[in-house]
Amino acid sequence: MRIRRIGVGDFAVSDDSYRRPDAERPCPHSSFPIARSLRRGLIVTLLAGASVAQAAERFPDGRLPPVDAPASAYGSDIRPGSDGRPNADDLAGIAERQRQQGHPILALQLAERVLDYAPDNAQARRTQISSLSNLGAYARANRLRERFQPDWPAATQARFDADVTTAAIRHGVQEQARQERRQRYAVRQRALQATLAELNANLAGFAPDSDAARRTRFDRLVVLDRLDLHAQAIADYESLMGDGVEVPAYAQAAVADAYLARRHPEQAATLYRQVIEAQTTPSLEIRTGYYYALIESEQYDRAAKLLADIDSSTPAWRSRANPKTPPVPNWERSEVDRLQILDATYRNHESEALARAERMQTHAPRNTDAINALATAQRARGWYDRAQLTTELAAAYAPRDRSARLNMAENAQDREDFPLWQAMIEPLAAQFPNDSAVRRNHLEWQDRDHFSLEGQGTFGRSRGGDAVNGSRDYQYRLRLNSPWFAGSYRVFAEQLTQWSAYDEGAERENRQGFGIERQWRRMHWWAAVSGDRLQDDVGLELGWSQWLNDRWQYQLRTQTESPETPLRAEGQDLDGQLYQAQLTWRQNESRQATLTLGALDISDGNLRSDLSADLTQRVQASAHHQTRLIGSLSAEHNSQPETAYYNPENLRSAGVALEHDWLTWRRYNHALTQNFSLGAADEWEQGYGSATGLDATYGHTWQLTRTWSLNYGVGWGSHDYEGEREKRWFGQLGFEGVL
């Protein structure tokens with residue numbers, strides 16, 4: 001708190017104490033949305049720091065003379081009264097000057113000392129009421145004002161009215177926090193909405209350039225932010241700055257919250273830093289807001305230093321002055337622990353986040369915040385079934401809790417439990433329209449009511465061989481998906497084109513198809529028919545996929561007139577029927593293995609059977625970089641190797657590839673990621689022996705909006721086919737989005 005020195009007969013106080021106890025933070029970029037709720041305790045009162053002001057020279061030790069001391073004890077300019085006490089008017093004037101100099105406690109003591117023997121002294125009464133107001137005791141000050149109705153300047157009365165409204169703001173903030181804790185969200189804003197109306201009425205009645213009007217404009221910034229009227233708060237702040245008004249720290253902190261909520265993290269970070277520099281001991285909430293502003297500005301190094309400082313300065317226990325009294329828990333520690341869980345997740349350190357969340361939940365097994373944090377960490381690792389059980393536990397303890405309900409909605413989305421997702425997110429969206437995490441999840445639910453489009457194309461040019469790709473080749477695939485209907489069904493239309501130029505001529509396949517699919521509770525089936533204008537070579541595709549649990553998935557697929565039939569075989573009016581089975585084991589986000597068994601029965605009597613296995617291990621991860629190492633084995637056998645298309649009797653391959661994704665730039669729903677890959681393999685072909693195969697690619701992935709992305713890149717490969725080295729350059733272009 002800082003007491004401001006103003007004119008005679010007036011009073012003011014700058015208070016940094018009322019701050020947002022439950023600030024909803026936008027969820028930074030990540031594959032899993034997170035609802036970030038910071039629960040704060042009750043607001044610190046103005047009384048906490050008022051007595052620390054240094055006394056004036058008249059009272060160098062900050063103490064008044066004894067009650068029965070003569071007038072000379074107060075100073076040589078104080079006259080004695082007729083009863084031996086100090087002259088009441090002189091002492092009342094000293095009291096008012098002490099208040100104006102920033103010493104309201106001394107002023108209050110002096111004024112009440114005068115009133116003890118001169119209860120009708122008007123100046124002492126005015127100083128008493130003003131000092132109480134300065135100290136935040138608005139209720140008592142207002143009672144005295146209504147009882148004695150002192151005669152003071154209109155400016156002073158306006159300041160008093162402004163301070164009474166400040167008390168109402170403080171009460172509204174406390175009431176909001178109390179209703180939040182009780183999950184009574186529908187009524188949590190009522191008190192603050194009433195104070196906003198009171199602030200607006202005060203502004204209409206105060207002189208535009210008065211201290212009371214400025215103070216009211218500052219307080220209004222706080223209320224606007226707490227009512228999630230962030231755009232209005234920013235507009236009012238910028239108007240104040242345009243008028244050359246210096247905004248105090250407590251109001252700057254509210255505006256910083258508003259800038260962060262409106263996705264202006266750089267401006268928010270600047271204001272948070274100014275508030276922190278202006279305060280001796282900035283609150284945890286302000287430092288946490290600064291942390292989020294740095295994260296959302298992609299300044300992870302600075303955020304790490306700030307979080308380390310927050311961690312070191314927030315002990316688990318609050319000590320007491322009496323060493324014989326046991327310490328009390330520090331409620332802020334749990335906030336820091338949850339912030340460290342989120343920080344690890346933001347940096348793609350999911351195992352660390354889970355370990356922290358498990359420790360936190362062990363220490364507070366019935367705390368819903370800890371349980372929700374654990375569920376979020378489990379979901380980040382891809383353990384959706386496990387996260388569901390954890391989320392159900394939180395919902396059992398606090399069925400109306402916003403975070404638990406949002407966790408339930410997000411987990412239902414990942415588990416493809418669409419009826420539950422709808423049942424959870426739609427009431428949340430109606431109840432919390434300004435919550436960024438709720439809003440994002442609701443938009444993703446609404447995406448299901450729209451058409452979507454996806455496409456991918458590759459264009460290549462080869463030198464030195466003609467066995468597989470030809471001298472030039474391209475292929476592209478377009479797919480249009482309908483909105484989902486009946487909960488989990490949609491239809492789709494596809495266009496697939498393949499073309500290659502061989503020595504003997506070009507071959508082309510052009511297929512159109514239509515299908516239907518159902519996706520629900522991590523099960524997926526689809527059926528489609530396709531052919532050249534749906535007249536020639538019409539084929540059928542059927543597929544089924546299912547996750548058995550968080551670790552195991554299997555997929556079965558069959559195609560008649562399979563597009564995987566070699567183009568040269570298609571050119572000879574041959575067709576192939578594909579049978580494929582795939583088994584996936586996924587330990588977590590960092591390790592996955594896949595086994596695939598397939599057979600392509602070509603109509604010339606050749607049966608092409610293949611077996612492949614790969615293991616993916618993420619070897620490095622940070623906020624902007626991820627690196628994966630992929631090992632692969634494959635074997636292929638053809639029952640009739642003597643054909644007009646590339647068809648060796650046996651093929652073997654063992655390879656390793658390194659993939660790296662560099663998130664180069666990000667701004668909420670917009671991002672650029674650079675993709676690199678290098679691969680090498682030992683490839684063996686019967687009749688020709690072993691040779692080294694090499695592959696390299698480089699590309700960009702743009703997240704253009706929340707729902708649209710674009711990818712493109714170039715690649716190079718060098719492989720031996722029938723003893724001839726083929727070198728191929730290619731480019732690729734793809735996109736996907738919601739219409």
More than 12 foreign heavy atoms under 6.0 Å from [atom1] of [X]: is that the case here?
X	atom1	answer
R667	CZ	yes
R318	CZ	yes
D83	CG	yes
E246	CD	no

Please state whether the rings of F432 and Y185 are parallel, tilted or perpendicular, taking 30° and 60° as the class boundaries. perpendicular
Side chains of [X] and [Y] in contact at under 4.5 Å (non-hydrogen atoms):
X	Y	value
R356	D337	no
R273	I276	no
Y290	V275	no

Under 3.5 Å, is there a donor-acceptor pair between the [X] and [Y] side chains?
X	Y	value
R302	S297	no
Y668	E296	yes
R145	S133	no
Y74	D90	no
T127	Q123	yes
T314	E332	no
R405	Q183	no
S334	D369	no

I'd like to know if [X] and [Y] make a salt bridge, using a cut-off of under 4.0 Å between side-chain N and carboxylate O.
X	Y	value
K305	D309	no
D311	R333	yes
R178	E175	yes

Might you work through the side-chain contact (heavy atoms from CB on, under 4.5 Å) test for L221 and V247, ending with a clear yes or no? CA-CA 10 Å; L221 295 175; V247 178; 4.3 Å; yes
Can you list the steps and then say if Y300 with I295 is a side-chain contact (heavy atoms from CB on, under 4.5 Å)? CA-CA 6 Å; Y300 277 79; I295 285 291; 3.5 Å; yes
Side chain of [X], backbone of [Y]: donor and acceptor closer than 3.5 Å?
X	Y	result
R402	L428	no
Y259	A269	no
R214	D209	yes

Candidate list H103, E96, Q98, test side-chain hydrogen bond (donor to acceptor under 3.5 Å, both in side chains), partner Q100, passing option: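 It is E96; the other options fail the test.
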Please name the pair of heavy atoms, one in [X] and one in [Y], separated by the smallest distance, quoted to 0.1 Å.
X	Y	value
A258	D225	N-OD1, 3.6 Å
A370	A364	CB-O, 4.0 Å
V114	A124	CG1-CB, 3.8 Å

L307 and its side chain to side chain contact (heavy atoms under 4.5 Å, CB included) partner, picked from L342, L339, L294, T288: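 Result: among L342, L339, L294, T288, L339 is the only option passing the side chain to side chain contact (heavy atoms under 4.5 Å, CB included) with L307.
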Is there a side-chain contact (heavy atoms from CB on, under 4.5 Å) between F59 and L110? Walk through the geometry before answering. CA-CA 12 Å; F59 307 109; L110 274 173; 4.0 Å; yes
